[in-house]
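Written out below as structure tokens is the structure these notes cover.
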Amino acid sequence: MSYYQVKNLEQYFKHYNKSIREPRKFWERIADENFTWYQKWDKVVEFDMQEANIKWFLNAKVNITKNCIDRHLAKRGDKTAIIFEPNNPAEEAQHITYNELYDRVCKMANVLRDQGIKKGDRVCIYLPMIPELAVAVLACARIGAIHSVVFAGFSASAVTSRINDSGCKMVITSDGGFRGNKTIELKSIIDEALQKCETVEKVLVVKRTGSEVKMKEGRDIWLQPLLDEAMANNVAEIMDAEDPLFILYTSGSTGKPKGMLHTTAGYMVYSAYTFKNIFAYEENDVYWCTADIGWITGHSYIVYGPLLNGATTVIFEGIPSYPDFGRFWEVIDKHKVTQFYTAPTAIRSLAKENWEWVDKYDLSTLKVIGSVGEPINEEAWHWYNDHVGKKKSPIVDTWWQTETGGIMISPLPFVTPTKPTYATLPLPGVQPVLMDEKRNEIEGNQVVGSLCIKFPWPGMARSIWGDHQRFKETYFSTFPGKYFTGDGALRDEVGYYRITGRVDDVVIVSGHNLGTAPIEDAINEHPAVAESAIVGFPHDVKGNALYGFIILKESGEGRDRENLKKEINEHISSHIGPIAKLDKIQFVSGLPKTRSGKIMRRILRKIAEGDFSNFGDTTTLLNPEIVEEIKEGKL
Ligand code: WT7
């Protein structure tokens, strides 16, 4: 197998240049050498970036699960595919081999077919982080059903809108799920959600918590008895390269969530290629990504990417703080994890705790540690590097999006020298560009602009389910002919990229463009500050002024607030300049965050403006109660 695996920087540039000069040949070789196809393509890529029409590996025939499972059986049948680490550390971990995974996916696929699911049907999966979640995803892919995984923390109304948007015929859920010391009643959330759904005919229910549930006659069925009856082999559906593989909803900054549509072959090639390169995966490694399979990170880097590479992937049901703040590190020690991939928000929350929680575990098996989801600030980067990576495991700060299907800009471990807060260089095959306000490409280094991608890549989303026009407008219209990411970035003197945050997070104060992320970084360096969020609000003289919402560390809570405000502004002044000083500071106990850890600035902006009338869609918030608290604190 060969993914153009890069061994040193010289080779990186060689591959990179080839990928730009001859993108078709570059991707063709990767597709050719690493997968089993029923039939190969007639053409590598066909695209119209103005109309947002992109096709890869035209007319190829393939099934992604044959590549995730079947082809490994001869050599790796007894190898562990999935390690399941339950929420409760006292419950035994499960080691599921590739042979067992094959049996389980085949049985599940047969159950789905028996229950009337056919190629092209949409299946909503609403499950906690248990092996059945991965099995259900793969079983859909096996028979060509389109999975739409909805994160099992979403509310009933969020589930309703997602089911209705894609017209799901079936829901796969469980009685409940464990999360720390809580139990979440998933089945009753589905019952509520389905009161307003017309298309769902069957609900398959996994038993996990033993909670009492109501089963609706004719609609709801316990899964296990069906599996017990099912055959452990199954003929995979032959899929066209561009047949839909899944829909995954991502919240737009306004309006209803967007059902990003990913298709079969391009996604397969891209998730496998990026996984192998970015995590430098080798045969006996144990890889752990702490995301939920309900997000793209879990799709690409818990399920598909690792299994396509015949890897061992950990599925963790729990949370970082249960039963205590040492859980992540205990799990790494226990399963001898070699690659660990998590989010800055998790790193920051653990960095607030005593580092002895980390240091008491043996993390010496780690080779590569990763970060994803938002810019990682300097302080968190160093904490991660010092205490987790022990300065020997490179941090891969991976930039990408639900829409990109896989990682786009990231250091390659042991190849790209890392630089705190920088996602560094594009992967071979990825062509980022920075654009200015006049829609011109900015050449050269030491520049900032809007981040676009100017050539298609196999993993990119092909559409928004049911709304291709919105797809075109959102991503291909701002800079015609290019894919617009919505992020701003800078390119430093050597060509490294640093994502500065969403372009809409830039505030213009007295005519100066100020990215909120670097100001937050500066504030977060103040010893009393745990976390902060900056937004702009209208100002008579400056046009906009800055409003800071700041969470204090425990050690800062006893301090005089007025003095602290002064100190924080002096700190900003000396780090960025007096222009970036905050006009208003409000100390808060939390920030409104989406479940993937992103601050919902839209809400903070409204509060800062004093407009409490309409906060828009808040169904994706993890902590809706904080909004009230912040509002009251402002009054
Ligand atoms: C947005 C995409 C990619 C999977 C998880 C989030 C931000 C993501 C980084 C990073 C700075 C990052 C961007 C991007 N983002 N990774 N390493 N450094 N920012 O997926 O919910 O689709 O969010 O997350 O702003 O556009 P998503």
Side-chain angles (χ1 to χ4, degrees), residues 23 27 45-56 148 162 165-166 242 244-264 266-267 270-271 274 295-297 299-300 372-374 398-409 423 426-427 429-442 448-489 497 499-506 594 596 598 601-602 617 620:
W27 290 113
V45 60
E46 197 175 273
F47 62 92
D48 177 344
M49 294 276 272
Q50 304 280 345
E51 289 304 312
N53 292 325
I54 293 105
K55 289 183 178 150
W56 280 90
S148 168
R162 284 159 177 75
D165 184 76
S166 53
E242 284 296 337
L245 175 63
F246 65 85
I247 299 167
L248 186 60
Y249 286 88
T250 182
S251 44
S253 37
T254 52
K256 64 173 188 169
K258 300 173 285 200
M260 302 314 307
L261 180 69
H262 284 278
T263 59
T264 303
Y267 176 82
Y270 199 70
S271 58
T274 49
W295 310 119
I296 190 70
T297 309
H299 281 57
S300 301
V372 59
E374 54 174 320
T398 60
W399 175 85
W400 59 299
Q401 310 176 298
T402 305
E403 296 85 340
T404 68
I407 295 165
M408 302 286 279
I409 303 180
L427 286 194
V430 174
Q431 302 192 29
V433 285
L434 296 180
M435 306 295 289
D436 68 18
E437 279 125 50
K438 300 206 180 77
R439 303 181 173 180
N440 296 318
E441 194 175 324
I442 308 170
V448 293
S450 296
L451 180 64
C452 289
I453 314 288
K454 73 168 173 192
F455 194 86
W457 65 100
M460 69 194 294
R462 301 296 194 265
S463 196
I464 292 175
W465 181 262
D467 198 348
H468 194 71
Q469 187 59 24
R470 187 178 181 195
F471 183 63
K472 187 177 144 185
E473 276 163 19
T474 311
Y475 303 105
F476 298 89
S477 301
T478 319
F479 300 97
K482 298 193 171 60
Y483 169 81
F484 175 43
T485 66
D487 283 326
Y497 287 88
I499 310 305
T500 48
R502 302 297 301 188
V503 176
D504 41 16
D505 292 341
V506 170
T594 66
S596 59
K598 263 187 278 301
R601 285 163 202 282
R602 178 161 59 79
D617 176 22
T620 55

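None of these values were measured; they are calculated from a predicted model.
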Q: Please answer whether the main-chain N or O of G488 pairs with a side-chain N or O of T500 as donor and acceptor at a distance below 3.5 Å.
A: yes
(Q) Rounded at 0.5 Å granularity, tell me how far CD in E441 sits from CG in D436. (A) 10.0 Å
Q) Does the side chain of I453 reach to within under 4.5 Å of the side chain of V433, using non-hydrogen atoms? A) no
Q: Applying side-chain hydrogen bond (donor to acceptor under 3.5 Å, both in side chains), name anything that partners W399, two or more places apart in sequence or on another chain.
A: D487
Q: Give the minimum heavy-atom separation between G449 and I442, together with the two atoms involved.
A: CA-CD1, 4.0 Å
(Q) For a quick test of reading the model, state the closest non-hydrogen atom pair linking G405 to Y267 and the distance between them. (A) O-CE1, 3.6 Å
Q) Of all heavy-atom pairs between L261 and P244, which one has the smallest distance, and what is that distance? A) CD1-CB, 3.7 Å
Q) Nearest 0.5 Å, what's the CD-CD1 distance between E374 and I499? A) 13.0 Å
Q: Please report the closest heavy-atom contact between Q50 and K472, naming both atoms and the distance.
A: O-CE, 3.6 Å
(Q) Between E403 and M460, is there a side-chain heavy-atom distance shorter than 4.5 Å? (A) no
Q: With the side chain counted from C-beta on, respond yes when M260 and I464 share a heavy-atom pair under 4.5 Å apart, and no when they do not.
A: yes
Q: Supply the atom-to-atom distance S477 OG to Q469 CD, rounded to the nearest 0.5 angstrom.
A: 7.5 Å
Q) Ignoring hydrogens and geometry, is there a side-chain-to-backbone donor-acceptor pair from S300 to G406 under 3.5 Å? A) no
Q: For the pair Y270 and W27, name the ring-plane relationship: parallel under 30°, tilted 30 to 60°, perpendicular over 60°.
A: tilted
**Q.** Gap separating the CD1 atom of I409 from the OG1 atom of T404, nearest 0.5 angstrom
**A.** 9.5 Å
Q: List the atom of P456, the atom of I54, and the distance in Å for their closest heavy-atom pair.
A: CB-CG2, 4.1 Å
Q: Consider only side-chain N and O atoms of T402 and Y249, and report whether a donor and an acceptor are under 3.5 Å apart.
A: no
Q: Taking the side chain as every heavy atom from C-beta outward, state whether L248 and H262 have any pair of such atoms under 4.5 Å apart.
A: no
Q.
Quick check: do K55 and T263 have side-chain heavy atoms less than 4.5 Å from each other?
A. no
Q) Mind checking whether Y483 and F476 have side chains closer than 4.5 Å, heavy atoms only? A) yes
Q. Is the backbone N or O of N53 less than 3.5 Å from a side-chain atom of H468, with the two atoms forming a donor-acceptor pair by type?
A. no
Q.
I'd like to check W56 versus R462 (side-chain heavy atoms, cut-off strictly below 4.5 Å). Are they in contact?
A. yes
**Q.** Contact check, side chains of T274 and L427, non-hydrogen atoms, under 4.5 Å
**A.** yes
Q: Drop me the distance from M408's CE to W457's CH2, to the nearest 0.5 angstrom.
A: 4.0 Å
Q.
For S166 versus I247, what's the shortest heavy-atom pair and its separation?
A. CB-CD1, 3.8 Å
Q) Going from CZ on F479 to OG1 on T485, what distance comes out if it is rounded to the nearest 0.5 angstrom? A) 9.0 Å
Q.
Would the distance check show the side chain of T250 and the main-chain N or O of K258 forming a donor-acceptor pair, the cut-off being under 3.5 Å?
A. no
